[in-house]
Amino acid sequence: MGGNAILQPGQEATYANQLANVRRSCSVLARLAGQGHRLVITHGNGPQVGNLLRQQEEAQAEVPPLPLDVCTAQSQGFIGFMIQQLLRNELAKGGHGHSVVSLITRVEVAADDPAFGNPSKPIGSFYTEEEAKRLMTAKGWQLKPDANRGWRRVVPSPRPQAIVEADVVRQLLELNQIVIACGGGGIPVVRQEDGSYTGIEAVIDKDFSSFRLAREIQADVLLILTDVEHVYADYGRPEQRPLTSLTPSGAAEYMEAGHFSQGSMRPKVEAAASFAARGGTAIICSLDRADLALSGLAGTRIVPETAEAASYHQ
Ligand code: ADP
Ligand code: MG
């Protein structure tokens, strides 16, 4: 589920607003569970973790600030709680007995990921140039000017290598639980030489982590629910047209031709194409049409290259 499932652009980030959005999203998910689909839910956390970071900064004279990996864990707990509660309520209405569990999920990234040399993901508050320079020295943060709105902290966005809790997700599925995992892309951790993990201050793209998790649990379908009904060619132009079906190579052609924006649709198409390239079916569609899309009646499907591979996985 994309960020819109939790907070719509322009809405104030009150708990009531977020609950109302999550309630709507959960009624869709409950319908899918009611149809017999076994769900693992992943979700975004952009505005939520941004606000948690701001709270750390604003309150630091009174309470020591917590690092980004901890804020990501907090956002997983807070959003997971909302989904867990509201999805369970929706399921109960329909007489369904599944339980719902949210899992604080760590995602392993490579210590030598090139992203660490080029922090690119803006997070948290905006600062003046003067404040930005002070923070760079005082905290060792990297800050960059952000489109006329001031300076902003940037963190690396490394690629997910493995979902540390994938086994637990699998075991919970076996117990017929609905699992919420990899919130906000997961908490990035690096594996040390002795086999232990350390949390790091970075963010992982949730579309990439969702692909990785889907693959590790051998999901049949990777369903990417967002706020547009399809992936479009020439998006936002008069000649815009919906793409209803793509193969990984077709997706790559559109990608190279620049049809998908870097920070939004592109990671989804990349994740979907990677999933299809390994034999699965990926669907990108709007949240409210999830069940239609699963039946092949809405959204954009990304399917394996060959018809044989496609029918094998149906
Ligand atoms: P999410 O929170 O679900 O990850 P994003 O905002 O990151 O949502 O991505 C969805 C957005 O991608 C859409 O609202 C749309 O504005 C944008 N977008 C960019 N290129 C395309 C495209 N080619 N087709 C559809 N949407 C696109
Ligand atoms: Mg996004």
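In this chain, residues are counted from 1 in sequence order. In this text, all values refer to a predicted model and were calculated from it rather than measured experimentally. Remember, it's 1-based here, ligands and their atoms both numbered in the order they're listed.
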Pair E305-T247, side-chain donor/acceptor within less than 3.5 Å: yes

Minimum-distance protein heavy atom relative to atom 5 (P) of ligand 1: S264 CB, 3.8 Å

Numbered atoms and elements of ligand 1 in range of H230, under 4.0 angstrom, heavy atoms: 25 (C)

Atoms of ligand 1 close to S261 [distance to a heavy atom under 4.0 angstrom, numbered from 1]: 19 (C), 20 (N)

Geometric N/O contact D207 with ligand 1, under 3.5 angstrom: no

Parallel, tilted or perpendicular: ring planes of F260 versus Y254, cut at 30 and 60 degrees: tilted

Side-chain donor/acceptor of S157 to backbone N/O of V203, under 3.5 Å: yes

4.5 Å side-chain heavy-atom contact, E90 and H96: no

Backbone or side-chain N or O of H259 under 3.5 Å from ligand 1 N or O: yes

Atom CD of E253: over 12 foreign heavy atoms under 6.0 Å: no

Under-4.0 Å heavy-atom contact with ligand 1, by part of V228 that carries it: side chain

Within reach of ligand 1, part of R266 (heavy-atom separation under 4.0 Å): neither

Between T198 and Q192: side-chain donor-acceptor atoms closer than 3.5 Å: yes

Gap between atom NE2 of H43 and atom CD of Q48 - 0.5 Å precision: 9.0 Å

For ligand 1, the portion of M265 having any non-hydrogen atom under 4.0 Å away: both

Atom 2 (O) of ligand 1: nearest protein contact (heavy atom, Å): G3 N, 2.9 Å

Partner of V22 by side chain to side chain contact (heavy atoms under 4.5 Å, CB included), out of L87, L86, L29: L86

Which segment of Y232 sits under 4.0 Å of ligand 1 when only heavy atoms are counted: both

Protein heavy atom at shortest distance from atom 15 (C) of ligand 1: Y235 OH, 3.3 Å

Donor-acceptor contact present, side-chain R241 to main-chain E239, <3.5 Å: yes

Ligand-side contact atoms (ligand 1) for residue partner G2, heavy atom cut-off under 4.0 Å: 1 (P), 2 (O), 3 (O)

M1 to ligand 1, any heavy atom closer than 4.0 Å: no

Atoms of ligand 1 close to K206 [distance to a heavy atom under 4.0 angstrom, numbered from 1]: 1 (P), 4 (O)

Donor + acceptor pair across side chains of S99, Q177 (<3.5 Å): yes

Ligand-side contact atoms (ligand 1) for residue partner D227, heavy atom cut-off under 4.0 Å: 10 (C), 11 (C), 13 (C), 14 (O)

Minimum-distance protein heavy atom relative to atom 1 (P) of ligand 1: K268 NZ, 3.4 Å

Per-atom contacts of ligand 1 with F260, taking only distances under 4.0 Å to non-hydrogen atoms: 23 (N)

Protein heavy-atom partner closest to atom 3 (O) of ligand 1 - residue, atom, separation in Å: T226 OG1, 2.7 Å

Side-chain donor-acceptor contact under 3.5 Å, Q84 with S102: yes

